[in-house]
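Reminder, nothing fancy here: chain letters follow the sequence lines and each chain counts from 1.
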Protein chains: 2
Amino acid sequence: MPIRVGDKWSAMVILCLEQGPRRFSELRIPLRAPTPKVLTQTLRALERDGLITRTVYAEVPARVEYELTALGHTLLELIAAGRRWAEEHMPTLLAARDAYESHNTGTG
Amino acid sequence: MPIRVGDKWSAMVILCLEQGPRRFSELRIPLRAPTPKVLTQTLRALERDGLITRTVYAEVPARVEYELTALGHTLLELIAAGRRWAEEHMPTLLAARDAYESHNTGTG
DNA sequence: CAGCATCCAAATCGATACTG
DNA sequence: CAGTATCGATTTGGATGCTG
């Protein structure tokens with residue numbers, strides 16, 4: 001049972017919550033629209049691990065807001081580090097990947 | 001095509017190579033023994049992305065060594081950051097998880 | 001709006017057996 | 001020793017349709 005940070009959506013959700021609370025549907029827009037099931041799974045796992053909170057407002061229509069906990073905020077720094085790494089080294093990595101591919105398709 | 005760092009084995013392999021070159025079979029021991037297929041897949045993906053090098057020595061018996069590239073080394077720092085986060089916050093996370101579970105099995 | 005249920009596709013991980 | 005090939009279990013992500 002891993003800590004859902006390396007999966008496809010968790011990091012993006014946490015990043016989306018960086019600037020404050022967001023509603024369920026607000027999270028679906030910027031995230032290349034995961035299906036409600038997948039988003040719910042991600043949200044639940046994050047909530048379970050104490051990284052986000054889920055607040056239900058008894059309004060009509062229904063409103064639910066997700067927000068980072070203190071623990072979730074600490075994770076933000078780690079994700080930022082990952083993004084900095086990608087920004088800095090992704091070109092090198094992509095170049096290496098490209099070179100590796102061409103030695104299979106170009107010369108072979 | 002993600003950058004194989006968040007998967008189950010890549011980070012561990014990179015970590016295993018921190019102190020220098022390692023052979024194929026040397027990597028299988030400390031890593032809870034992934035099957036050769038899985039280890040090969042991981043190694044190939046890492047090599048493709050320019051994170052490790054693969055060197056074949058024409059000896060008997062066969063010897064192949066894997067070693068981190070400069071790019072791979074930069075990733076080491078990122079992984080270390082992740083480990084530090086885990087060391088520091090894992091207890092909190094586990095406690096939250098525990099609390100979440102008990103509110104399902106204990107009171108529900 | 002927020003979320004669940006069901007069925008389905010894709011990626012990963014894994015066990016077993018075999019080759020240079 | 002260092003892989004490859006095949007089959008299968010598990011996990012994750014996704015499409016569609018329905019409910020409070």
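Annotation for A:Arg54 and A:Val64: closest pair CG-CG1, 3.8 Å, computed over non-hydrogen atoms. When all heavy atoms of A:Glu65 and A:Pro21 are compared, the closest pair comes out as OE1-CB, 3.6 Å.
Residue contacts shown for A:Arg28 are absent, as no nucleic acid heavy atom lies under 4.0 Å away. Note on B:Val38: a base of the nucleic acid sits closer than 4.0 angstrom, heavy atoms only. Base engagement by B:Thr35 is indicated by at least one non-hydrogen atom pair under 4.0 Å involving a base atom. Residue B:Tyr57 is classed as having no contact, given no heavy-atom separation below 4.0 Å to the nucleic acid.
At a threshold of 4.0 Å, the pair A:Arg28-A:Glu26 does not count as salt-bridged, since none of the basic side-chain nitrogens sits closer than that to a carboxylate oxygen.
In the hydrophobic clustering of ILVMFWY residues, with side-chain heavy atoms under 4.5 Å counting as a link, B:Ile29 and B:Ile14 come out apart.
Rounded to an integer number of Å, the gap from A:Leu39 CG to C:dC4 P is 11 Å. When the P atom of C:dC1 is taken as reference, atom CZ of A:Arg63 falls 13 Å away, rounded to whole Å. If you take CH2 of A:Trp9 and P of D:dG13, they are 8 Å apart, rounded to a whole angstrom. Between B:Arg22 atom CZ and D:dA2 atom C1' there is a gap of 17 Å when expressed in whole angstrom units. Atom CD in B:Glu59 sits roughly 11 Å away from atom C1' in D:dC1 (whole-Å rounding). Distance A:Leu43 CG to C:dC1 P: 16 Å, rounded to the nearest Å. To the nearest angstrom, P of D:dA2 lies 8 Å from OH of B:Tyr66. Distance A:Glu26 CD to C:dG3 P: 12 Å, rounded to the nearest Å.
Applying the 4.0 Å criterion to OP1 and OP2 of D:dA2, one finds that B:Arg23 has a side-chain N or O inside that range. Distances shorter than 4.0 Å separate some side-chain N or O of A:Arg44 from OP1 or OP2 on C:dC4.
No hydrogens or angles were tested; on distance alone, a donor-acceptor pair under 3.5 Å links the side chain of A:Lys37 to the base of D:dG14.
By the 6.0 Å contact criterion, CD on B:Glu87 is open, its count of non-hydrogen atoms from other residues, nucleotides or ligands being 12 or less.
Picking from D:dC1, D:dT4, D:dG14 the nucleotide with the shortest atom distance to the side chain of B:Thr40 gives D:dT4. For A:Pro36, the listed nucleotide lying nearest its side chain is C:dC4; candidates were C:dA2, C:dC4, C:dG20. Closest to the side chain of B:Lys8, out of D:dC1, C:dC13, C:dG3, is C:dC13. For A:Ala62, the listed nucleotide lying nearest its side chain is C:dC1; candidates were D:dA2, C:dG3, C:dC1.
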